> 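My questions all concern the structure below.
First the proteins, then the strands, lettered A, B, ... as listed; each starts at 1. Because the structure is a prediction, the values reported are computed rather than measured.
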Amino acid sequence: MLRNYFKTAIRVLFRNPFYSFVNIIGLSLGIACALIVWMYVVIESTYDKHYEGHENIYRVTSYFTIEDKLDDFALTSFGIGRLMQKEYADIERVTLLQEYPRTLFKNEEKSFYEEGFLLADSNYFEVFSHEFIEGSPETSLNRPLTIVLTESIAQKFFGDALALGKNIQTTHRTYEVTGVIKDLPQNTHFLFDALITPSTIANPTEDQLIRSLWNVGSFTYVKMREGSSTAPILDNFAAFYDKYMAEMGKRFNANFEIGMQPLADIHLKSNLKYDRQQGNINYVYAFALIGIFILVLAAINYVNLSTARSALRSKEVGMRKVFGAGRTQLIIQYLGESIILTFIAFILSLVMMEVLFELTDFNTIIGKDLHIAQLVSSELIIGMIGILLFISLGSGLYPAFYLSKIDPIQAFQAQRMNGKAGFWIRKVLVSAQFIISISVVILTFLAKSQVDYLQNTDLGFTRDNIMNIQVRDTIVYNRLPVLMKELENHPGIAKATTTYMIPGVGVGKNLFRIEGASGMENQTFSFLRIGEEFIETIGMHIVEGRDFDLTNHPSDSSEAFIINETAVREMGYDNPIGKKVEWGFNDDGTVSVHGKIVGVVKDFNGRSLHQNIEPTLMTLQNRPGGSLILRLTGTNIQETLAFLEEKWGEMLPGQIFDYSFLDEQLSESYASDVQQSKLINIFSIVCVIISCLGLLGLSSFTIQQRTKEIAVRKILGAEVNQIMYLLFKEILMLILISSLIAFPIAHLAGEEWLKSFAYRIDMPYLIFGLIALAAVALSFVTIFYHSMRVAVTNPAVSLKYE
Amino acid sequence: MIQLNEISKLFLTEEIETTALNKVNITIKKGEFVSIMGPSGCGKSTLLNILGLIDTPSSGEYHFNEAPVHSMSEKQRSVLRKMNISFIFQSFNLIDELSVFENVELPLIYTKVKASERKKRVEEVLEKMNMMHRKSHFPQQLSGGQQQRVAIARALVNKPALILADEPTGNLDSVNGEEVMEQLTKLNAEGTTIIMVTHSSRDASFSDRTIKLLDGKVISENQTVALHA
């Protein structure tokens, strides 16, 4: 019996190669996309779960309220962890991590700029578990100036030789390799290439720890005792505050609370200042939804084609019933067919995925490292089986019940049926496809427009042709004035200056005491230390007062401040120039810097456009380091670069010329948005392809069903264009109705997504209309071939066929 | 009205070449009622399709009202057909999705007759065919005889000069068949030229002349002897 079913299934496939092709390709695309989405969602939702006991590891976060304004930070002070461990017995271990700036590392033979290194303390491996290739957790990071490398960095510096015990140097320090660990999996929120211990292992006094509590700079992770909860700590934190922080808090009219984020939640759920580039749970939901949509689209194609073609198989059903087949047997037979088809489609989908992962830039585009082999992991296998069951049962059940229901007498009068049964269901399903596809395509365009807007909108300063050369060395810094003069003589360089911080790349946050309506007030401001002439170089506009000017105002070096328009508004100033600013708080509450506001710049975006412009205060940098900033004229950049490199080598021998362009650096803030937008783009194309395949199969079938009608109409005088219109009219109506349903869905989903941006585009309603028109055009193209063929066929032939 | 000279039609399939019509010469005058008879596969329907301009001959000349149809484009033939020729089929070929009224109205839509005029003419012809009371029904809701009456109404509504009927009683019982033949005779009496393909000698007896085909050739042309009252 089973053999007979199998044979029939295979023969049905081969007897109708066109429908089989449409079905299998549609299903394969659907399965491939759903699997990729599932892999993506699994990776996104399993961040940091590879760490042993991750359920007990938490990141401590900071919430400062100063003058009723709340600031949240992923960073904490370096002292809070240890003091918490002292106060709360449930905290078993504490470790601190700190970002380490991009630095030149070298050994005897090789030197590389590295930016993926982190500063860690000796407790790191007591909190986080890693597999060691060389060395051991106990002997790593246990003294100053040691380094633990990941496998690939060890390979980069030492090749296949043993790295343990060897040295890696920066300009001023030498680090001893005390361990080599396996490369980190991609799904960890603090990916690093190496961990280094600082030059001195701080063993601070309690007093030092307490004094640090109001300054953030480290990531603090705590490991809780098995079975304990964070609730008692969070509920009783007021006691901790009163004991260690209240005194200083009163002085600044400030308050402080902590948060404790479960390790596995950080990637998707944290959105705090100084968070590393994060995932976005909304994107994960969106992708999961798109994955389901694509599966539904593919299943709809199968249901539509199977039920539409039921008339062609009704005789077979009738015969089987007449000769004794029960309904259950028929259901099993037709379900079996959909399982066979799904299986073939599944094999093809694996081939598609392998090609996509290994032969295209897909992994780079989505910023993940996906491989077919990962499907073997437990979460993915469950998902894969789920997807295959959904497709084969979801798409096979209705046709199976539908076909098995056919009455034998009715079945023998096949042409009376003409596939009209299930007609409305097919219309509803095709409309569902249009609704899904139109909504997804609108949202794709919306995401793309928003990302374009982020990348191109006026930030209040120039981002094009601004070159940023990192200066991490005092020797280089001291020679900069001479170098800058030389550089400015080159026609390709319009302006040269230095700066310690760059808007959009690195902006600080500080507490200031500033003159307000009722005297001096404590206020937090975004804060930039910049070089003289930086404002002019980067194209910011002074709207009131003046720029920093050391020649005429030597005291500007420490006593002058420039604020932005938002700060003026927030402070309620009519005339901000000359208002007093104090900062540099001492332990006794006095301040070390007394200055005043000398100018106001037009508002600019100092952070990503996800956030609103903040009140910002700028002062001149008083320390070496930062960046050499060059504004290029934009003509002949290659030649200018060659000149720069030559000049750099000539004046700073032995110093590597390491530069970046500001527009590229700024784009990194939106890398995740760009990536997601690209991924949505790919999926929406697949949605459209699957829908078109379905439409192609279904229209070819319905047109075939209407051959007689078309012939009669032609005989009665219908022209080819009238026939074409007749055939297309129905789809046109479906698209119009579907668009009317898809528009509000896309609108609501789009508005929800745009809410996550402080700066956003207006809802592009024109795009809605254009996409509906495009759907009409694409549908027309899709059904054109079959329609045209039947429209130009000699009606005598069509009637004979009937 | 119709002049066929040496009309042949070949059908090519992958393996064989079939001659459906072999150098057929026929002349039909305006106002005639002609029957075409012959066994299955002799080329009757092919001849009718060529006469009706829905199929083209492989060779030979066809003049319709002295116009050389054989050298016309598809579009010209379509216009000529639309303005002059109507069809009645054995299987009625009504469009299931359209009501009786809409089926009959269809040829008028394609000849761009105004809506008010269409309504008048459709009602007129349905009245004539005694189908007015069924105008909102759909083909499946009618008996075979009624369906054929609708098909005749559809054929008449454009006031064609020529009606081509392909076994119009083939799917009907004798009472309904008789009724249809009477309608055709009546139309012919009113001046419409009718060419009818039939297997039935009785049906053929309603016509003025019978052309017999065998293997694609005309084997005889006889004046018909009336078999009916």
Side-chain angles (χ1 to χ4, degrees), chain A residues 308 311 407 409-410 413-424 426-427 699 701-734 787-802, chain B residues 9 11 20 41 43 45-57 74-98 102-113 138-140 150-151 153-158 160 163-164 166:
Chain A
D407 174 1
I409 297 166
Q410 199 192 3
Q413 299 169 330
Q415 77 247 47
R416 300 284 311 161
M417 295 173 59
N418 270 346
K420 272 175 203 139
F423 176 72
W424 279 103
R426 284 199 292 282
K427 274 196 172 177
S699 64
F701 178 78
T702 41
I703 288 166
Q704 194 183 326
Q705 290 297 316
R706 294 179 74 175
T707 307
K708 180 192 102 175
E709 178 197 336
I710 291 161
V712 171
R713 283 179 186 269
K714 279 194 80 177
I715 288 167
L716 295 177
E719 310 271 344
V720 170
N721 57 351
Q722 286 168 316
I723 299 286
M724 292 294 281
Y725 172 69
L726 174 80
L727 293 174
F728 191 59
K729 194 171 65 181
E730 246 170 54
I731 289 171
L732 191 71
M733 279 311 290
L734 286 186
S787 311
M788 197 62 186
R789 203 172 62 169
V790 73
V792 298
T793 303
N794 187 334
V797 175
S798 302
L799 289 180
K800 192 175 291 162
Y801 162 83
E802 274 294 314
Chain B
K9 177 75 182 179
F11 287 111
S45 293
T46 306
L47 178 62
L48 201 70
N49 287 340
I50 289 173
L51 287 171
L53 312 182
I54 59 176
D55 204 352
T56 47
E74 157 73 32
K75 200 168 173 98
Q76 287 171 314
R77 277 188 282 129
S78 166
V79 173
L80 189 65
R81 181 174 68 226
K82 217 163 26 177
M83 307 314 290
N84 296 285
I85 306 172
S86 280
F87 293 80
I88 300 168
F89 302 94
Q90 177 182 358
S91 54
F92 325 132
N93 281 340
L94 297 175
I95 294 173
D96 293 342
E97 287 75 14
L98 303 182
E102 289 162 343
N103 263 293
V104 177
E105 188 189 22
L106 210 52
L108 298 176
I109 292 175
Y110 292 134
T111 44
K112 299 195 170 74
V113 176
F138 284 87
Q140 304 94 312
V150 176
R154 184 177 64 183
L156 286 183
V157 73
N158 240 352
I163 289 181
L164 300 172
D166 192 355

> Once you round to the nearest 0.5 Å, how far does NZ of A/K708 lie from CG of B/D96?
5.0 Å
> Anything in residues 717-725 of chain A with a heavy-atom distance to chain B below 4.5 Å? Please list those residues in order.
A/G717, A/A718, A/E719, A/Q722
> Under the salt bridge (charged side-chain N to carboxylate O under 4.0 Å, His left out) test, which residues partner B/R81, sequence neighbours left out?
none
> Working note: A/K714 + B/I54, criterion side chain to side chain contact (heavy atoms under 4.5 Å, CB included); need CA distance, chi angles, decisive distance, verdict.
CA-CA 9 Å; A/K714 279 194 80 177; B/I54 59 176; over 6 Å; no
> Could you tell me if the side chain of A/R713 sits less than 4.5 Å from the side chain of B/L98, heavy atoms only?
yes
> For chain A, which candidate among B/L108, B/L53, B/L94, B/I95 shows the most heavy-atom pairs at distances under 4.5 Å?
B/I95
> So which atom in A/V712 and which in B/R154 form the shortest heavy-atom distance, rounded to 0.1 Å?
CG1-NH1, 3.4 Å
> Closest heavy-atom contact between A/I715 and B/F87?
CG2-CD1, 3.0 Å
